[in-house]
2 protein chains.
Amino acid sequence: MSETLSHKEALQHSGLKNTKQRSAILNILEKATQPLNADQIYLALVTEKVAINLSTVYRVLNTLAEKELIIKTSSVSDNKALFERNDFKHQHHLVCVECKEIILVDECPFEEYEKKLNEKIGFTILGHQLEIYGICDKCQKRIEEENKRSI
Amino acid sequence: MSETLSHKEALQHSGLKNTKQRSAILNILEKATQPLNADQIYLALVTEKVAINLSTVYRVLNTLAEKELIIKTSSVSDNKALFERNDFKHQHHLVCVECKEIILVDECPFEEYEKKLNEKIGFTILGHQLEIYGICDKCQKRIEEENKRSI
DNA sequence: ATGCAAATGCAAATCATTATCATTTGGAGG
DNA sequence: CCTCCAAATGATAATGATTTGCATTTGCAT
């Protein structure tokens, strides 16, 4: 299976052993459509009958994030760290305040902006993290329906 | 003192009592040059001889954030919530990865970007949160000095 | 001045995460 | 294929960040 082969290579390349637990966690994040917290990942593993300790989940996640195989982010609305696969694509999160779903988008408006900041403040930019809040298409439609019904 | 008068009015306007603790916390955040976590706020209050319980600090911060008198943010590098005054100005954080200082900037590149997202994905944007990582001017100079010395 | 609901102090509890140590495992090397 | 050992894990305890419950205090309307 070429997916686990690339995990094995990625782990090797990072000087990490290819353990069942690490591979399983990378698989979970590979399949996920949005960033997950440690507990969600743990539950997904349990659901797939992978024997693992929650403390190991935390340790593995932090290790993989340190090696940049995955990305650790956070969310203002939660007091929990979030993790997502690192495709080495540059993406941002759209967070629906209704259903809490996170939509990943590729567009980024920063090139010009970062140049401007560098010139103006002398700040050497290494990266950024952007979360956009709003309401997704689905929830907008649902809310419109509900508004119609309440008339 | 017109500062505490405006706090009193802001609290009243939000349906909250004007307690010593709330006023003191708003003052701390008013004076701060960057977002602070609960422990930093608690220590600043203690330093100013304000008698308060840490659990009250948490409670007051969450109450004020709920009423949008202050803003609750988070930082990926910490497992701690951050709080800052809400000037109703639109600002972003530049985070120096060296000294951890947070610099507030007014510039925002989002108008065009948000229009584009709305058209493309049908996402109704209500707001965003942006953290930019890099190295501030001061630390760049210090690092250059150190590099010169190590030759 | 009074009374009452909101707010606070305090301590305990909960939640999210990390540390410690005994045991297991991946994989290099022979 | 076997051995050995350092890395990794399981299990549990601990820690740090935050929240909760309840008795008491306080802001403020009357």
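Everything numeric here is computed off the predicted structure, so don't read it as measured data. Throughout, a chain's letter reflects where its sequence line sits, starting with A, and its residues are numbered from 1.
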Within the structure shown, what part of the strands sits under 4.0 Å from A/D39 by heavy-atom distance: base, sugar-phosphate, or nothing?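 Nothing, no heavy atom under 4.0 Å.
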Answer with base, sugar-phosphate or nothing: what part of the nucleic acid does B/R59 contact at a heavy-atom distance below 4.0 Å?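 Base, at least one base atom sits under 4.0 Å.
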Can you see which heavy atom on B/A32 is nearest to which on B/R85, and at what distance?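 Looks like O-NH1, 3.0 Å.
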Please report the closest heavy-atom contact between B/Y42 and B/V57, naming both atoms and the distance.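 B/Y42 and B/V57 have their closest heavy atoms at CD1-CG2, 3.9 Å.
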With the criterion being N/O to N/O and under 3.5 Å, what pairs connect the protein with nucleotides 24-26 of chain D, and how long is each?
none

Does anything in residues 48-58 of chain B come within less than 4.0 Å of DNA chain C? Heavy atoms only, and list the residues if so.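 By residue number: B/A51, B/I52, B/N53, B/S55, B/T56.
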Using the test side-chain hydrogen bond (donor to acceptor under 3.5 Å, both in side chains), find all partners of B/E48 that sit at least two apart in sequence or belong to another chain.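 Once residues adjacent in sequence are excluded, the partners of B/E48 under the side-chain hydrogen bond (donor to acceptor under 3.5 Å, both in side chains) criterion are B/K31.
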Between A/N86 (side chain) and A/E68 (backbone), is there a donor-acceptor pair under 3.5 Å?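 Confirmed, A/N86 side chain pairs with A/E68 backbone.
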Between [atom1] on residue [X] and [atom2] on residue [Y], distance to nearest 0.5 Å:
X	Y	atom1	atom2	value
A/T73	A/E84	OG1	CD	5.5 Å
B/L69	B/T63	CG	OG1	10.0 Å
A/R142	A/N147	CZ	CG	10.5 Å

Start and end of chain B contact along DNA chain C [non-hydrogen atoms, under 4.0 Å]: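 Contact span on the strand: C/dA5 to C/dT17.
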Measure [atom1]/[X] against [atom2]/[N] and give the value in whole Å, please.
X	N	atom1	atom2	result
B/F83	D/dT18	CZ	P	7 Å
B/K80	D/dG16	NZ	C1'	8 Å
A/L11	D/dA7	CG	C1'	13 Å

Find out whether A/N62 and A/K72 are in side-chain contact, i.e. whether some heavy atom of one side chain is under 4.5 Å from a heavy atom of the other.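 In contact.
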If you assign B/N37 and A/L16 each to the DNA chain D nucleotide with the nearest heavy atom, which residue ends up on the more 5' nucleotide?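 That would be A/L16.
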Between the protein and nucleotides 1-4 of chain D, which nitrogen or oxygen pairs come in under 3.5 angstrom?
none

For DNA chain D, which ranges pair as stems of 3 or more consecutive Watson-Crick or G-U pairs, with both donor-acceptor distances under 3.5 Å?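 Stems (3+ consecutive pairs) listed as C:1-30 with D:1-30.
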